[in-house]
Amino acid sequence: MSSEPEIQPPTTETPDESGEKISKKAAKKEAAKLEKQRRRQEQEEAARKTASLSLEDESSSRNYGDVTLTELQSTADPKAGKWREAVEGKKWTNVSELVEEIAGSEVLIRGRVHTNRPVSNKLGFVILRQSGFTVQCVVTESKERNVSVNMVKFLKQLSGESFVDVIGVVVLPKEPLTGTTQQVEIQVRRVYCVNSALQKLPLNVEDAARSEADIQAGKPGANQDTRLNNRVIDLRTPANQAIFRIQCHVQIAFREFLLSKGFLEIHTPKLIAGSSEGGAAVFRLEYKGQPACLAQSPQLHKQMAICGDLERVFEVGAVYRAEDSFTHRHLCEFIGLDVEMAIHKHYSEVMDIVGELFPFIFTKLEERCSKELEAIRKQYPFQPLKFLPKTLTIPFAEGIQMLKEAGVEADPLGDLNTEVERKLGQLVLEKYNTEFYILHRYPSAVRPFYTMPCADDSNYSNSFDVFIRGEEIISGAQRVHDPELLKEQAIRFGIDVDTIKTYIDSFRYGAPPHGGFGVGLERVVMLFCGLNNIRKTSLFPRDPLRLAP
């Protein structure tokens, strides 16, 4: 029996590089080998690039980075680290001093990261803020300027509110800048992070700086409690920076004027044995086994200073009131500006000082604080205060008559409430074109026990209040310097005379006629700047519900 030959499947052959035919299986094996070789070459190329970048970083890494704690521990070693070496011998420039005239100069500045806007791996923009002033810093990868890609990357990861030192060149931008206070840019050469802030903060400075108009337009804002709970961050807004600079200038002008008039600055105790104003609104405490309280004013001791022949004195100091007042203009602790002076003939001498002092302060604020006032207006728009060169003085009875003619009933022997005060302020503005005036001869029943009654009618007193924009800022008066009358009035006001015995006795040793006044610093700034709440002008407010931060 014959057998058929075995049939084999057809073989596909591919010519190799020499022209000889190879199998499909061998071809796949060869392709895989070539692909493996290609990938190896790519990996080697990437490694070469990485090595090159590392060499670049090695040469430029001293131009950026975090400042070490050792460098910040006031070391005397100028080579303690790369930051210390970079800033050694250089002069610091304030952001406010970055102006067009110094274009081309190299500067060293420190500020907070206000905004951080990375554009690419080779370009980034950072706005730095210092005390309300802002400047745009531009970092661009450049071999010529030794600015590496990694330096750009370092800048990009800086968190908002971190403290940063920048060394760079001041340049003029091609287009006017709208997002910064300074109209120059800084081309960054070196950048060091002095202190990093948390990536997520409890309050955003930009939100805290929103105006009411911005918030109504839908932009995010922050309510008052959130801002006060995080006051350290809140204080960084341009408006707050301006408010407390203006507050400082009020004190400067206050001192400047009074010193020019022969007054002496004094400091009275805040721990006293009894109430200084009468009533129950005092903070009571134990003082080494005996009852004491925080002074409601320096009233008693500044009068004792007059009896000590100091003649004209003033004080800037803390005042404490334990009132449960939740209004827009009351605090439990505030800064009092107090004045006391000997009188020669009439208590109008005290009012004359007030009438000169505050127009002087207002004028100095307008002259010295134009930038600060503008910063406040951007967030809290207000009109400049209207006041006369010679301050208007109105008797209390005349004020009551003005109210009556306007259809407003007010007790002629009582005090004015807030609503009535504002109405009278409106009437005075319409009639006399001023928002600052003095109302005097107040009813005795609404003044402290040490206030001198009027000679012609004991229902009224030689006292006065002063108003700004329809709100009271000052109470003042001639004081009772006769010890028997003083004791009589203290008893009538329900004050234990034993607790103020040293005060009354000081008038038994010979006392000149005298008078004075007190004003709350925070309230003056609030009303001058047209603000709606005194908590905006208190650095760390203390009210019936707030004891922190």
Side-chain angles (χ1 to χ4, degrees), residues 93-105 107-141 147 151-189 191 193 196-197 199-201 203-222 227 233-243 245 370-381:
T93 301
N94 291 326
V95 171
S96 61
E97 299 169 345
L98 299 174
V99 293
E100 296 179 3
E101 288 75 9
I102 64 171
S105 304
V107 293
L108 165 62
I109 62 174
R110 173 174 292 176
R112 290 186 182 275
V113 176
H114 187 61
T115 61
N116 195 339
R117 184 167 60 89
V119 176
S120 68
N121 290 333
K122 296 184 177 182
L123 175 65
F125 295 88
V126 172
I127 292 178
L128 293 189
R129 188 186 72 246
Q130 181 192 47
S131 300
F133 295 93
T134 52
V135 65
Q136 180 165 277
C137 300
V138 184
V139 58
T140 308
E141 187 270 337
V147 176
M151 180 171 163
V152 179
K153 187 185 298 184
F154 172 78
L155 207 75
K156 286 165 62 176
Q157 55 82 41
L158 293 172
S159 57
E161 298 303 299
S162 294
F163 266 108
V164 174
D165 285 351
V166 165
I167 297 174
V169 177
V170 180
V171 298
L172 301 179
K174 295 180 180 179
E175 300 292 337
L177 299 172
T178 58
T180 59
T181 61
Q182 308 310 109
Q183 289 302 300
V184 296
E185 290 181 337
I186 304 297
Q187 283 187 349
V188 179
R189 299 291 187 268
V191 58
C193 183
S196 295
Q199 288 291 336
K200 185 173 177 59
L201 299 174
L203 176 65
N204 187 301
V205 174
E206 285 187 298
D207 292 347
R210 303 283 186 207
S211 67
E212 192 63 36
D214 286 339
I215 294 172
Q216 290 178 355
K219 294 182 179 180
R227 294 177 62 174
I233 300 175
D234 183 44
L235 289 173
R236 300 172 189 174
T237 67
N240 279 335
Q241 291 285 307
I243 285 170
R245 279 169 172 74
S370 58
K371 290 182 179 179
E372 287 81 1
L373 292 170
E374 184 58 32
I376 295 171
R377 285 192 184 97
K378 285 183 179 179
Q379 185 168 3
Y380 309 111

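Everything numeric here is computed off the predicted structure, so don't read it as measured data.
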Enquirer: By side chain to side chain donor-acceptor pair (under 3.5 Å), which residues pair with R210, not counting sequence neighbours?
Expert: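 Partners of R210 by the side chain to side chain donor-acceptor pair (under 3.5 Å) criterion come out as none, since no residue qualifies.
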
Enquirer: Tell me if a side-chain donor or acceptor on R227 pairs with a main-chain N or O of A222 at a distance below 3.5 Å.
Expert: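 The answer is no, because no donor-acceptor pair under 3.5 Å joins these two groups.
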
Enquirer: Does K156 NZ have over 12 foreign heavy atoms under 6.0 Å away?
Expert: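 It does: K156 NZ has more than 12 such atoms within range.
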
Enquirer: Do you know which two heavy atoms are closest between G160 and L201, and how far apart they sit?
Expert: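 Where G160 meets L201 most closely, the heavy atoms are O-CD1, 4.2 Å.
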
Enquirer: Okay, side chain of Q157, backbone of F154: is any donor-acceptor separation there less than 3.5 Å?
Expert: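 Confirmed, Q157 side chain pairs with F154 backbone.
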
Enquirer: Do L177 and Q136 have side-chain heavy atoms sitting under 4.5 Å apart?
Expert: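 Yes, side chains in contact.
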
Enquirer: Given the rule in the side-chain contact (heavy atoms from CB on, under 4.5 Å) test, do V107 and I167 qualify, once you have shown the distances and angles that lead to the verdict?
Expert: CA-CA 6 Å; V107 293; I167 297 174; over 6 Å; no

Enquirer: Mind running side-chain contact (heavy atoms from CB on, under 4.5 Å) on V188 and T140 for me, showing each step along the way?
Expert: CA-CA 8 Å; V188 179; T140 308; over 6 Å; no

Enquirer: Scan residues 125-138 for pairs that pass salt bridge (Lys or Arg N to Asp or Glu O under 4.0 Å), counting only residues two or more places apart or in two chains.
Expert: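 Non-adjacent pairs meeting salt bridge (Lys or Arg N to Asp or Glu O under 4.0 Å): R129-E161.
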
Enquirer: Does any non-hydrogen side-chain atom of Q183 lie less than 4.5 Å from one of P176?
Expert: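 Yes; the side chains approach each other to less than 4.5 Å.
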
Enquirer: For residues 171-187, which residue pairs pass the salt bridge (Lys or Arg N to Asp or Glu O under 4.0 Å) check, not counting sequence neighbours?
Expert: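 Pairs touching residues 171-187 that pass the test: none.
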
Enquirer: With side-chain contact (heavy atoms from CB on, under 4.5 Å) as the criterion, how do V205 and R112 come out once you've worked through the C-alpha distance, each side chain's angles and the decisive distance to 0.1 Å?
Expert: CA-CA 11 Å; V205 174; R112 290 186 182 275; over 6 Å; no

Enquirer: Between T237 and A208, what is the shortest heavy-atom contact and its length?
Expert: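 So the minimum-distance heavy-atom pair works out to CG2-CB, 3.7 Å.
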
Enquirer: With sequence neighbours left out, what residues match S162 under side chain to side chain donor-acceptor pair (under 3.5 Å)?
Expert: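 S162 satisfies side chain to side chain donor-acceptor pair (under 3.5 Å) with S159 once adjacent residues are dropped.
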
Enquirer: Which residues pass the side chain to side chain donor-acceptor pair (under 3.5 Å) test with D207, sequence neighbours left out?
Expert: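 D207 satisfies side chain to side chain donor-acceptor pair (under 3.5 Å) with no other residue.
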
Enquirer: Using 0.5 Å steps for rounding, measure from the CG atom of L123 to the CD atom of E141.
Expert: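 Reported to 0.5 Å precision, the distance equals 10.5 Å.
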
Enquirer: According to salt bridge (Lys or Arg N to Asp or Glu O under 4.0 Å), who are the partners of D165, at least two apart in sequence or on a separate chain?
Expert: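 Partners of D165 by the salt bridge (Lys or Arg N to Asp or Glu O under 4.0 Å) criterion, ordered by chain and then number, come out as R110.
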
Enquirer: Can you tell me how far the OG1 atom of T181 sits from the CD1 atom of I127, to the nearest 0.5 Å?
Expert: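 Answer rounded to 0.5 Å: 9.5 Å.
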
Enquirer: Provide the closest heavy-atom pair for I186 versus G168 in the form atom of the first, atom of the second, distance.
Expert: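 Looks like CG2-CA, 3.8 Å.
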
Enquirer: When rounded to the nearest 0.5 angstrom, what is the spacing between CG in L128 and NE2 in H114?
Expert: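 If I round to the nearest 0.5 Å, the distance is 10.5 Å.
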
Enquirer: If you take all heavy atoms of G179 and T134, which pair is closest and at what distance?
Expert: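 Looks like O-OG1, 4.2 Å.
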
Enquirer: Kindly say whether S96 contributes a backbone atom to a donor-acceptor pair with the side chain of N94 at under 3.5 angstrom?
Expert: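 No, N94 side chain to S96 backbone: no donor-acceptor pair under 3.5 Å.
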
Enquirer: Find the distance between SG (C193) and CZ (F163) and round it off to the nearest 0.5 Å.
Expert: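 Going from SG on C193 over to CZ on F163, the span is 10.5 Å.
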
Enquirer: Rounded to the nearest 0.5 Å, what's the gap from CZ on R236 to OG on S131? Could you check?
Expert: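 Taking CZ in R236 and OG in S131, the distance rounds to 11.5 Å.
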
Enquirer: Between I102 and V170, which heavy-atom pair has the shortest distance, and what is it?
Expert: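 So the minimum-distance heavy-atom pair works out to O-CB, 3.7 Å.
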
Enquirer: Could you please spell out the steps behind the side-chain contact (heavy atoms from CB on, under 4.5 Å) verdict for D234 and L203?
Expert: CA-CA 8 Å; D234 183 44; L203 176 65; 4.0 Å; yes

Enquirer: Count the heavy atoms of every other residue, nucleotide or ligand shown that sit under 6.0 Å from CG of N121, and state whether that count exceeds 12.
Expert: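 Incorrect, the count does not exceed 12.
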
Enquirer: So do L172 and E100 actually touch side chain to side chain, heavy atoms under 4.5 Å?
Expert: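 E100 reaches L172 side chain to side chain.
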
Enquirer: Calculate, to the nearest 0.5 Å, the distance between atoms CD and CD1 belonging to Q379 and I243 respectively.
Expert: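 Between Q379 CD and I243 CD1, I get 7.5 Å after rounding to 0.5 Å.
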
Enquirer: Within the 4.5 Å heavy-atom criterion, are L155 and L158 side-chain neighbours or not?
Expert: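 L155 reaches L158 side chain to side chain.
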
Enquirer: Check R189 against V147 and note the closest heavy-atom contact, atom names and distance.
Expert: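 So the minimum-distance heavy-atom pair works out to O-CG2, 4.3 Å.
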
